[in-house]
Each structure stands twice: as C-alpha cells, then as structure tokens.
There are 2 protein chains.
Amino acid sequence: MSPKRAYSGEAAPATPGAVWLRAGDRRPASRAPALTRERIVTATVALLDGQGAQGVQGLSMRKLAESLDVHATSLYWHVSHRDDLLDLALDAVFAEVTLPEPNPDTRDADNSRTAGAWREDVGLFMDELRTALLRHPWSAPLASSRPLLGPQALARSEFVYAALVAGGFEGDDLTAAAAAVSNYVIGTVSAETAWQYENPGEEAAGRRALVAHLRAAGEEHPTLAAHPPSLSTDWEGHFARGRDFLLDGLAHAVAPSG
Amino acid sequence: MSPKRAYSGEAAPATPGAVWLRAGDRRPASRAPALTRERIVTATVALLDGQGAQGVQGLSMRKLAESLDVHATSLYWHVSHRDDLLDLALDAVFAEVTLPEPNPDTRDADNSRTAGAWREDVGLFMDELRTALLRHPWSAPLASSRPLLGPQALARSEFVYAALVAGGFEGDDLTAAAAAVSNYVIGTVSAETAWQYENPGEEAAGRRALVAHLRAAGEEHPTLAAHPPSLSTDWEGHFARGRDFLLDGLAHAVAPSG
DNA sequence: ACCTGAACACCGTTCAAGT
DNA sequence: ACCTGAACACCGTTCAAGT
C-alpha cells in the first residue's frame with residue numbers, strides 16, 4: 001500500500017554475504033559494553049542448537065535478546081540484520097572444522113606425485129566438515145544457501161585448495177573440484193538433517209507413514225520400490241561411499257592413465 | 001456501518017424486482033470451488049518466482065491469498081501449513097524435469113554392459129534437474145532442506161535408480177550413488193543461486209567489495225588468492241566438470257579394471 | 001463443503017530518546 | 001558509544017460463523 005520503500009521484512013540484504021564485505025562495520029568500543037559481537041554470536045549458536053529441527057527459523061531477534069538479557073533492538077547496534085547473525089553463526093561452525101597442516105606436494109622417486117597425500121587431505125576435510133555440520137543441524141541448509149565468505153570458511157577453503165593444487169589440479173579443474181567437494185558434503189548433510197524430527201517420539205510414526213507412502217507409490221516405481229531409499233539409514237556409510245566415488249573421479253582427472 | 005458487501009438478509013431490496021437483475025445470484029447446485037489445490041500451487045510458484053532473490057521468504061499466506069483474490073485463512077481449507085505449500089511447489093518444479101525412457105540394460109557382444117548407456121542417462125538427469133532448479137531460484141535451497149517425497153520427485157528418482165541399476169549398481173552402492181548424484185546437483189545449484197542479487201544494479205558494487213575482501217583475506221590464504229573462487233563465474237562449465245568427476249568415479253566403481 | 005472475519009501470538013526493523 | 005521504548009508494518013494459524 002505505501003508507495004515508497006515497501007516493508008523489507010526478512011528480505012535478504014541486497015548483497016549476499018554482505019557482513020563480510022562491509023568495511024567499518026564495527027565501531028571501536030570505549031568501555032566494556034554489555035554486548036559484544038562475540039557474545040551475540042555465541043548466544044545465536046546456542047539458541048539455534050536448542051531449537052532442534054526448527055532450523056534457522058528457530059532464531060528470532062526477540063528470543064535471542066531475551067537469552068542475553070537485553071532488548072531486541074539493542075542487537076542492531078552490533079549487527080545490521082538478522083541475516084548477518086546467521087552468517088556469523090555459520091562461520092562459527094566452520095571454526096570447529098579442525099585440520100592439520102596439509103601434506104606438501106611431495107614426489108615419488110620417479111618424480112610423479114605421491115598418490116595418497118592430497119586424497120587423504122581432501123577426504124579428511126570432507127569428514128571433518130560433515131561432523132561439524134552435523135553437530136549443528138541448522139548449519140548445513142544454511143551453508144548451502146549462503147556464500148561462504150567468513151574468515152573461518154575461507155581458511156578451510158584454503159586447505160582444500162592447497163591439497164588439490166598439491167595433487168595437480170589447476171585452473172577450472174581446480175575450481176570445479178573444490179566446489180564439488182564442498183557441495184557434496186554440504187548437500188549430503190543437508191539432506192540428512194532434513195529427515196530430523198521435531199520430537200523424537202514422532203519418529204516411529206513418521207517412519208511407518210513413509211514406508212506406507214513408498215509402498216503405495218512403489219507400484220509405479222518398481223526400481224525404487226525394490227531399493228527403498230532411506231529406510232536403511234546408514235548415513236555415515238553412504239556418505240563415505242559417495243565421498244570415495246567423488247575422490248575416485250578426481251584421482252582419474254589428475255592421473256588418467258592409472 | 002455495514003461492511004462493503006454484506007449479505008442483505010430480510011431487508012427490502014433497493015430496486016424492485018432486483019432478483020432478476022442480479023447476475024450470478026444463484027450459484028449452480030454443485031458450484032466449482034473458487035480454490036483448488038492446483039490453482040493454489042500454481043499461484044505459489046508464480047509468487048515465489050516473482051520474489052527474486054528473496055527465496056522461500058518471499059511466500060506469505062497473505063500475499064498468496066491476495067494473488068488469488070481470497071482471504072488468507074481460506075487457504076487452510078486446502079492445505080495444512082505454509083510448509084505444505086513449499087513442498088507442493090517444489091514437486092511442481094520436479095515436474096519440469098523431462099526425461100526420456102531410460103536406456104535398457106544392454107550388453108555388448110562380450111556380454112559386458114555397454115559403457116555409455118547408464119552414464120548418458122544419469123548425466124542427462126543431472127543436466128535437466130539443474131536447468132529446472134535454476135528456472136526457480138528458490139527451489140534448490142528448498143530441495144536441499146526437505147525430504148523429496150512428492151510424486152514428481154519420486155518419478156525422477158525412479159529414472160536415476162533404473163539407470164544406475166542398468167549400469168550395475170546395487171545395494172548400498174546404488175543408494176550412495178543415487179544420493180551423490182542428486183546431492184551434487186542440488187548442492188551446486190543452491191550455491192550458485194546463493195550469489196544472486198536482489199537487484200541487478202547492485203551486482204557491480206557487490207563484485208568490487210568481494211574482490212577487495214578476497215584480496216585482503218588472501219594475504220593469509222595464498223592458494224585461494226591465486227585462484228579466486230567465484231570471479232570466473234562460468235557456473236555451467238564448472239557444474240559440467242564436477243558432474244564428470246563424479247560420473248568418472250561411479251564408472252570406476254562398476255568397472256574397476258577399465 | 002468451502003469461505004469469511006475477527007482474533008491471537010508472534011515477527012524484523014526504525015528511530016527518537018536516554019545515559 | 002551503547003542501550004531502551006515505543007511504534008510500524010508485517011507474520012502464520014485458530015476458530016466460530018456464515019452461505
């Protein structure tokens with residue numbers, strides 16, 4: 001109704017991932033303030049973790065403020081939008097991905113690259129990322145829908161890029177390989193967490209309904225019916241198999257003869 | 001006093017003989033309902049498509065109702081929650097993934113499986129799915145965070161399963177392969193759409209800020225700085241490369257010798 | 001059977017005002 | 001510099017009531 005600037009509500013900020021791009025976003029503090037960005041981010045992660053299957057919808061500025069014993073509007077001194085909070089919380093999850101020093105670009109006696117090194121590094125990254133994302137069920141869907149530009153995320157990307165470069169990737173192959181690795185992990189964990197129930201008690205009933213649904217639909221989908229997709233919920237095993245498929249394909253790209 | 005279109009009750013009509021003058025006064029005995037689930041879903045997709053980079057947040061029951069010339073609360077006769085609408089809209093996107101009859105499990109003269117058939121089918125599925133998801137930028141993040149159980153989604157799964165079974169996959173390898181294929185596509189498109197701007201005019205400024213950000217961060221991340229991730233935005237090319245990496249890995253699993 | 005209207009319990013965000 | 005308080009423009013969903 002109002003002609004000028006329509007209510008923007010929860011609309012995404014104009015530039016995706018804008019928190020990371022704004023300079024001079026944070027004012028210097030004079031006296032120890034009640035609120036700091038760190039405290040707010042910690043409380044955000046805690047609130048989201050406590051909201052179970054609600055995901056990112058479990059975060060409201062008002063609930064967050066209450067958990068910090070402050071008014072909702074105070075948060076806006078430290079942060080521009082709710083979305084900033086989500087980006088910051090996500091980067092805090094990436095901080096939990098702990099990685100060693102990457103294996104260097106070592107060579108065998110015949111000057112070919114050692115086969116195992118880069119693959120081990122990339123596989124380790126994938127496993128570690130999955131573990132961190134699973135610890136915070138709201139994080140994988142978020143990671144799949146926001147640019148990953150926070151300092152912690154960038155540091156993890158650096159690790160992957162270094163490992164792939166050591167493995168012989170370069171140019172577009174490098175970019176594509178790194179993207180495939182991240183997207184596989186994030187996509188897989190996102191799918192896995194999509195099955196989480198609000199209430200553990202509902203799981204049994206939900207499972208029964210799913211079996212009945214697939215059986216009914218299965219009459220038209222014989223292959224699917226013969227291999228019910230998510231009834232065997234060995235998520236970790238399936239993750240590892242798919243990870244190895246992808247790593248096999250990457251290995252093929254840098255050593256097509258072998 | 002009285003609202004604009006009140007039921008007149010027993011009051012005398014203003015115009016004598018007005019019954020005859022009013023069109024549509026008598027509803028047909030079995031009147032077609034104003035709303036159907038199909039109409040609602042179509043309007044939902046249209047609304048979401050029109051909300052640009054807002055994604056799933058662009059859908060409100062009130063706006064949707066307005067676009068259907070109905071009250072928001074009427075929608076609840078046809079649908080239980082807002083989430084139902086999202087699941088229905090997502091399945092409508094899967095309906096746009098058009099696929100041929102899958103290649104059968106053909107054999108070569110030496111009774112080994114023809115190498116190209118299943119791979120062609122799976123690759124086609126991946127390309128088609130990407131295209132459909134890109135047409136509706138809100139759909140990939142949604143697909144990555146909801147179980148894909150709609151009839152259209154299941155039919156597409158059937159195609160992938162059939163192709164993989166024809167290629168020689170079974171058991172956990174089959175499940176893992178199918179999941180990897182879907183998750184790769186959905187994860188990749190989700191990442192791609194995460195970079196979309198609300199307003200095309202902001203893209204240039206956002207790009208400059210991103211370059212500056214990566215340059216500053218690049219001092220600590222040399223490999224990343226040397227290969228700036230998303231500045232070359234050949235999304236399709238990178239998608240195809242990653243797709244082929246994965247397909248190579250899958251091919252290796254069913255023909256480890258070759 | 002299908003739709004309306006009022007009501008409830010929430011939202012994110014702005015802005016002037018306080019300290 | 002940092003926080004409060006009131007206000008604005010929205011939300012999803014319920015339920016009794018209408019036709």
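Letters A, B, ... mirror the listed sequences (proteins, then strands); counts begin at 1.
Closest of all the heavy-atom pairs between Val56(B) and Leu48(B) is CA-CD2, 4.0 Å. For Leu224(B) against Glu158(A), the heavy-atom pair with the smallest separation is N-OE1, 2.9 Å. Across Gly242(B) and Tyr184(B), no two heavy atoms sit closer than the pair CA-OH, 3.2 Å. Considering every non-hydrogen atom in both Glu96(B) and Ala132(B), the closest pair reads CB-CB, 4.3 Å. Heavy-atom minimum distance, Ala194(B) versus Pro16(A): O-CB, 3.2 Å. Residues Leu75(B) and Met61(B) come closest through the heavy atom pair CD1-O, 3.4 Å.
Following rounding to the nearest Å, Leu35(A) (CG) and dC3(D) (C1') show an atom-to-atom distance of 9 Å. We find that CG of Leu75(B) is positioned 12 Å from C1' of dT4(C), with the value rounded to whole Å. If you take CD1 of Ile40(B) and P of dC2(C), they are 11 Å apart, rounded to a whole angstrom. Here the P atom of nucleotide dC10(D) and the CG atom of Leu64(B) are 17 Å apart, to the nearest Å. Atom CG in Leu85(B) sits roughly 14 Å away from atom P in dC11(D) (whole-Å rounding). With rounding to whole Å, Trp77(B) atom CH2 is found 16 Å from dA17(D) atom P.
Around CZ of Arg215(A), the count of heavy atoms belonging to other residues, nucleotides or ligands within 6.0 Å does not exceed 12.
In DNA chain C, stems built from 3 or more consecutive Watson-Crick or G-U wobble pairs, each with both distances under 3.5 Å, span C:4-8 with D:12-16, C:12-16 with D:4-8.
Between Ser74(B) and dC2(C) there is no side-chain N or O to OP1 or OP2 distance below 4.0 Å. Between dC3(C) and His78(B), a contact under 4.0 Å exists linking OP1 or OP2 to a side-chain N or O. Side-chain nitrogen and oxygen atoms of His71(B) include none within less than 4.0 Å of the OP1 or OP2 phosphate oxygen of dC3(C).
Stacking of Arg130(B) on the aromatic ring of Phe239(B) is recorded, both the 6.0 Å distance cut-off and the 45° axial limit being met.
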Using atom names, set out every protein N or O paired with an N or O of nucleotides 12-15 of chain D below 3.5 Å, distance rounded to 0.1 Å.
| from | atom 1 | to | atom 2 | distance (Å) |
| --- | --- | --- | --- | --- |
| dG12(D) | OP1 | Met61(B) | N | 3.2 |
| dG12(D) | OP2 | Met61(B) | N | 3.0 |
| dG12(D) | N7 | Arg62(B) | NH1 | 2.4 |
| dG12(D) | O6 | Arg62(B) | NH1 | 3.4 |
| dG12(D) | O6 | Arg62(B) | NH2 | 3.3 |
| dT13(D) | OP2 | Tyr76(B) | OH | 2.8 |
| dT13(D) | OP2 | Arg82(B) | N | 2.9 |
| dT13(D) | O5' | Tyr76(B) | OH | 3.4 |

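Residue Val70(A) has its side chain nearest to dT4(D) when only dT4(D), dC3(C), dA1(D) are considered.
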Quick one, Asp84(A) with Arg22(A), criterion salt bridge (charged side-chain N to carboxylate O under 4.0 Å, His left out). Give me CA distance, side-chain angles, the key distance, then yes/no. CA-CA 11 Å; Asp84(A) 283 5; Arg22(A) 279 192 298 270; 2.6 Å; yes
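Rounded to the nearest Å, the gap between the C1' atom of dC15(C) and that of dC3(D) is 13 Å.
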